[in-house]
Structures are given as C-alpha cells and as structure tokens.
Amino acid sequence: MDPCPIAQEPQLVQAPAAIDPCPITEKPQLVEKPAAIVPSPIAQEPDNDIPAPGNQFAEFAAGCFWGVELAFQRIPGVTETEVGYTHGISHNPTYEDVCTNTTNHAEVVRVQYDPNECTYETLLDLFWSRHDPTTLNRQGKLVGAQYRSGIYFYTAEQEKLARESLENEQKKLEKKIVTEILPAKKFYKAEEYHQHYLAKGGRYGNAQSPAKSCKDPIRCYG
Ligand SMILES: C[S@](=O)CC[C@H](N)C(=O)O
C-alpha cells in the first residue's frame with residue numbers, strides 16, 4: 001500500500017503530474033517543550049553564500065524537504081542539493097524549533113545547477129509538479145508554515161521566470177495559487193541526518209536512487 005496517500009488533490013484542469021508530492025499521515029509536528037524562540041535580524045539578511053564556480057543557486061519550498069530534494073537530485077545539470085530552513089524569524093533554527101510552528105521558517109531545498117546543463121525553467125517545472133501550490137501552509141496532511149509553497153530567487157531573471165511560470169501554472173488550476181515568490185534570505189542548512197535523507201535510506205533503510213533522470217516514484221519516508 002502506498003504509505004503516502006494524498007489528502008487533498010490539486011484541482012487540475014489538465015492531467016496531474018505523475019510524482020507523489022509527499023503528503024504524510026504522521027503525528028502533529030508540535031514538540032512538548034519548545035525552546036525559546038528569539039527573533040533575530042540576521043535571519044532577514046539575504047543569502048550571501050557563494051555557489052561553486054560555474055553554478056547558480058535556486059531555492060524552493062514545496063512541503064517536506066526530503067522528497068523535494070530527491071526529485072531535484074535527479075535532474076541532469078543539478079550539481080548539489082542541500083535542505084534547510086529559511087524566511088523565519090530566528091537565527092540558527094533547529095528542526096525542533098521549526099516544528100513548533102512559531103518560527104515561520106520554510107523547509108527548503110537549495111539547489112546548485114550548471115546553467116549550461118539545466119535551465120531555471122526546468123527547475124520550476126519540477127517545483128510545480130512536485131506539490132500542490134494552492135494549499136496555504138500545508139501539503140496534504142502535513143500542516144504548518146514550514147510546509148508552505150515558495151520560490152526564493154537569487155537574480156532578477158529568476159524572479160521574472162518564477163512569476164511568469166506562476167501565471168502560466170495558474171491557468172491550469174481552478175484554485176488560487178498561494179506560492180510566495182521572494183528574494184532568497186539567509187539559508188540555514190538542516191541537520192546532517194536530513195541531508196539526502198531518502199537517498200541514504202530514509203526512515204526504513206530503503207535507499208531511493210538519486211541517479212540522474214531516474215523516474216522511480218518517490219516514497220516519502222524510504
Ligand atoms: C522533514 S519533514 O518535515 C518530516 C515530515 C514528517 N512529519 C515526519 O516527521 O516524518
């Protein structure tokens with residue numbers, strides 16, 4: 001049985017994309033004793049990290065970052081992926097902080113890609129196909145601001161392409177798209193165990209292939 005039933009399907013006019021966007025059926029994210037969350041202006045700074053020579057950054061929020069990362073790993077021309085947190089109020093958040101749903105961080109995948117091998121439009125196409133951009137702060141049964149839909153751009157060109165693609169995507173959907181399109185802010189890399197989580201085996205030790213162009217369906221947990 002599919003461990004990842006979709007709670008709410010996007011209302012597509014056209015045929016839906018084949019990839020399961022990773023909605024889950026787990027306990028609520030809230031931890032019992034949230035750490036004190038201290039707002040910091042540092043979290044609002046732009047992402048000033050530098051990609052590898054010849055590469056560019058792109059960043060997306062589309063629900064649980066595990067499955068989103070594996071999908072991006074498989075794209076030819078994507079040279080690196082990292083999962084992390086961004087656009088929240090606090091500096092150096094932990095996963096537990098984010099799961100209190102009080103820090104407003106989004107779970108994101110920061111992609112490095114070689115623009116000679118892969119276009120930003122290719123990344124945008126995958127982004128839209130991976131999730132339901134019409135549900136505010138939720139993907140399926142995963143609820144909370146960390147699961148919101150967002151495109152965080154690094155250049156004016158990326159912003160333009162992102163906005164155009166949203167308009168184009170909206171034509172295919174009856175419900176309103178709620179995806180935020182904002183400049184990339186400080187990126188907080190998530191804990192090591194979250195990195196390449198599904199490729200490493202996920203929750204059940206069933207590694208899923210990150211091979212380029214692999215079309216195997218992505219299971220949320222492993
Ligand atoms: C990195 S995700 O938000 C994980 C989602 C899910 N609630 C879980 O804990 O398995």
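Every number for a ligand or one of its atoms is a count from 1 in the order of the listing.
Put simply, part of Y147 is less than 4.0 Å from ligand 1, judged by heavy atoms.
The shortest N/O to N/O separation between H194 and ligand 1 does not fall below 3.5 Å. No N or O atom of W66 sits closer than 3.5 Å to an N or O atom of ligand 1.
For ligand 1, the atoms sitting less than 4.0 Å from at least one non-hydrogen atom of F65 are 1 (C), numbered in the order shown with element in parentheses. Near L142, meaning under 4.0 Å from one of its heavy atoms, ligand 1 places the atoms 7 (N). Short contacts between ligand 1 and R203, defined as distances under 4.0 Å to a heavy atom of the residue, involve ligand atoms 8 (C), 9 (O), 10 (O).
At least one cation-pi condition fails for R138 and Y147: the charged atom is not both under 6.0 angstrom from the six-membered ring centre and inside a 45 degree cone around its axis.
Every residue two or more places apart in sequence or in another chain that forms a salt bridge (Lys or Arg N to Asp or Glu O under 4.0 Å) with K160 is listed here: E164.
Checked against the 6.0 Å centroid criterion, the rings of Y154 and F57 qualify as a close aromatic pair.
Relative orientation of the H194 and Y85 rings is perpendicular, given thresholds of 30° and 60° on the angle between their planes.
Under the 4.5 Å side-chain contact rule for hydrophobic residues, Y113 and I50 do not share a cluster.
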